[in-house]
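One structure is given here, and the rest of the page talks about it.
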Amino acid sequence: MATVMAATAAERAVLEEEFRWLLHDEVHAVLRQLQDILKEASLRFTLPGSGTEGPTKQENFILGSCGVPQSRRASLRPAYPALAHQDVNLKMPRNNQLLHFAFREDKQWKLQQIQDARNHVSQAIYLLANRDENYQFRTGAEVLKLMDAVMLQLTRARNRLTTPATLTLPEIAASGLTRMFAPALPSDLLVNFYINLNKLCLTVYQLHALQPNSTKNFRPAGGAVLHSPGAMFEWGAQRLEVSHVHKVECVIPWLNDALVFFTVSLQLCQQLKDKRSAQDPGPWAWPPAQGPLSPHRLRVPARARAVHHGLFISLFTLSCLSRLHGWT
């Protein structure tokens with residue numbers, strides 16, 4: 001009996017030492033990887049000319065749709081996180097009139113989705129920076145708390161790019177975007193910009209007024225990312241209906257980069273959390289559970305499991321970055 005108790009005590013001492021090694025070395029190795037990846041992501045949101053290496057030089061992008069003629073196209077220059085030098089050609093279906101309008105030279109339109117995503121990335125980096133190499137984690141629960149906080153910011157950043165806001169037509173009319181153009185937009189047009197995944201989308205709504213004696217059942221439309229023809233709303237003293245919807249879009253490459261970085265970072269956080277929530281808690285439980293150690297836990301030492309885990313993380317990250325940059 002004494003021999004068994006002595007062996008158990010020795011095994012616990014080994015587990016305690018490995019637990020400390022995981023908290024002091026393995027966790028910080030993952031945090032370093034997260035910081036490196038998120039710093040790369042933050043560069044994708046950097047304003048050109050801000051003194052750091054931005055995503056690319058300023059470029060003009062052409063927004064269009066498959067099968068859409070040149071009469072329904074837009075070009076613009078992103079000035080992160082805003083839009084500038086926007087130029088729109090639109091052919092009206094009712095009379096084939098070709099409209100042309102552009103941003104005023106002194107105006108830029110701020111994309112709140114981009115600004116919010118950048119702020120969430122900065123907050124995630126701040127959380128990680130507060131746990132530098134000199135910080136000593138004392139419990140697995142403390143690591144879980146940090147991972148939950150970082151994942152919350154990354155999820156919010158990703159959601160801002162993947163889930164456009166639902167707006168009512170009066171909210172679009174009141175946004176001020178219609179006053180950005182020269183010449184001024186016709187009173188029967190509404191425009192809206194938004195980000196959807198890695199695409200920048202422009203929607204133009206063509207309106208017509210409902211006559212007071214109209215037999216149509218007036219039902220104001222609720223919020224939507226994209227309103228359909230027939231949607232109705234009240235603006236001022238008028239009741240209006242959407243008669244036509246024109247949508248064009250283009251892919252912004254650096255948005256795709258940012259989404260990949262968010263996915264890789266969330267995977268790293270989840271893998272670190274899984275060490276704590278796995279069926280075999282191993283040395284994450286502190287202090288180690290009482291009672292005899294299971295053969296399963298003793299079969300693979302914690303340090304060996306951690307090395308294997310770190311190797312998997314490195315290979316996973318390298319694979320994602322290789323696909324992103326086209327490395328061979």
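Not measured: the values here are computed from a predicted model.
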- Item | Separation of L255 CG from I195 CD1 (nearest 0.5 Å) | 5.0 Å
- Should L161 and L197 count as side-chain neighbours, where that means a heavy-atom distance under 4.5 Å? no
- Task: Measure the CD-NE2 distance between Q206 and H246 for me, rounded to the nearest 0.5 Å.
- Result: 4.5 Å
- Query: Between the side chains of Q123 and N119, is a donor N or O closer than 3.5 angstrom to an acceptor N or O?
  - Reply: no
- Note on the structure: For C201 and N196 the tightest heavy-atom approach is SG-CB, 4.2 Å
- Query: Quick one: CG on L266 to CE on M147, what's the gap to the nearest 0.5 Å?
  - Reply: 10.5 Å
- Query: Is there a side-chain contact between L207 and Y205 (heavy atoms, below 4.5 Å)?
  - Reply: yes
- Query: Taking side chain as C-beta onward, heavy atoms only, is N192 less than 4.5 Å from S175?
  - Reply: no
- Can you tell me how far OG of S243 sits from CD of E241, rounded to the nearest 0.5 angstrom? 7.5 Å
- Task: Go through the steps to decide whether I37 and L268 satisfy the test side-chain contact (heavy atoms from CB on, under 4.5 Å), and finish with yes or no.
- Result: CA-CA 10 Å; I37 294 170; L268 290 176; 3.5 Å; yes
- Message: Could you report the tightest heavy-atom contact between A174 and W235, atom names first, then the distance?
- Response: CB-CH2, 3.7 Å
- Item | Nearest heavy-atom neighbours spanning V245 and P229 | CG2-CD, 3.7 Å
- Query: Do you know which two heavy atoms are closest between A124 and L154, and how far apart they sit?
  - Reply: CB-CD2, 4.1 Å
- Task: State whether a side-chain donor-acceptor pair under 3.5 Å links Q35 with R32.
- Result: no
- Task: To the nearest 0.5 angstrom, please state how far the CG atom of L111 sits from the CZ atom of R118.
- Result: 11.5 Å
- Query: Given Q270 and D274, is the side-chain hydrogen bond (donor to acceptor under 3.5 Å, both in side chains) satisfied, shown in steps?
  - Reply: CA-CA 6 Å; Q270 188 59 52; D274 287 346; 2.9 Å; yes
- How close do E40 and R44 get, heavy atom to heavy atom, and via which atoms? O-NH1, 3.2 Å
- Query: Under a 4.5 Å cut-off applied to non-hydrogen side-chain atoms, are K247 and L226 in contact?
  - Reply: yes
- Message: Would you say CZ of F218 has more than 12 non-hydrogen atoms from neighbouring residues, nucleotides or ligands within 6.0 angstrom?
- Response: yes
- Could you tell me whether the side chain of V251 reaches within less than 4.5 Å of the side chain of L200, counting heavy atoms only? no
- Task: Quick one: pull up CD in Q153 and OH in Y126 and give me the separation to the nearest 0.5 Å.
- Result: 12.0 Å
- Message: Testing the basics here: between L38 and V121, what is the closest heavy-atom pair and its distance to 0.1 Å?
- Response: O-CG1, 3.9 Å
- Message: Please determine whether residues L146 and L152 belong to a single hydrophobic cluster, defined as Ile, Leu, Val, Met, Phe, Trp and Tyr linked transitively by side-chain heavy-atom distances below 4.5 Å.
- Response: no
- Item | Beyond-backbone contact of V191 with T203, side-chain heavy atoms, under 4.5 angstrom | no
- Item | salt bridge (Lys or Arg N to Asp or Glu O under 4.0 Å) assessment of D116 paired with R156 | CA-CA 9 Å; D116 291 346; R156 287 176 174 174; over 6 Å; no
- Before giving the answer on side-chain contact (heavy atoms from CB on, under 4.5 Å), spell out for L202 and Y194 the whole-Å C-alpha distance, their side-chain angles and the decisive distance to 0.1 Å. CA-CA 7 Å; L202 165 65; Y194 60 90; over 6 Å; no
- Item | Verdict with reasoning, L177 to M180, per side-chain contact (heavy atoms from CB on, under 4.5 Å) | CA-CA 5 Å; L177 183 56; M180 297 281 294; 3.9 Å; yes
- Determine, step by step, whether D188 and H208 satisfy the side-chain contact (heavy atoms from CB on, under 4.5 Å) criterion, reporting the C-alpha distance in whole Å, the side-chain angles of both residues, the deciding distance to 0.1 Å, and the verdict. CA-CA 6 Å; D188 63 344; H208 71 87; over 6 Å; no
- Is the shortest heavy-atom distance from the side chain of H28 to the side chain of F137 under 4.5 Å? yes
- Message: If hydrophobic clusters are built by linking Ile, Leu, Val, Met, Phe, Trp and Tyr wherever their side-chain heavy atoms come under 4.5 Å apart, do L167 and L169 end up in the same one?
- Response: yes
- Hey, does the Lys NZ or Arg CZ of R158 hover above the aromatic six-ring of F262, less than 6.0 Å from the centre and inside 45° of the axis? no
- Item | Heavy-atom check, side chain of L31 versus side chain of Y135, under 4.5 Å | no
- Message: For the backbone of R160 and the side chain of Q113, can you confirm whether one donor and one acceptor N or O come within less than 3.5 Å of each other?
- Response: yes
- Query: L240 and L210: same hydrophobic cluster, using ILVMFWY side-chain contacts below 4.5 Å?
  - Reply: no
- Taking R131 for the side chain and L127 for the main chain, is one N or O donor matched with an acceptor at less than 3.5 Å? no
- Item | Test item: H227 side-chain N/O and A221 main-chain N/O as donor-acceptor pair under 3.5 Å | no
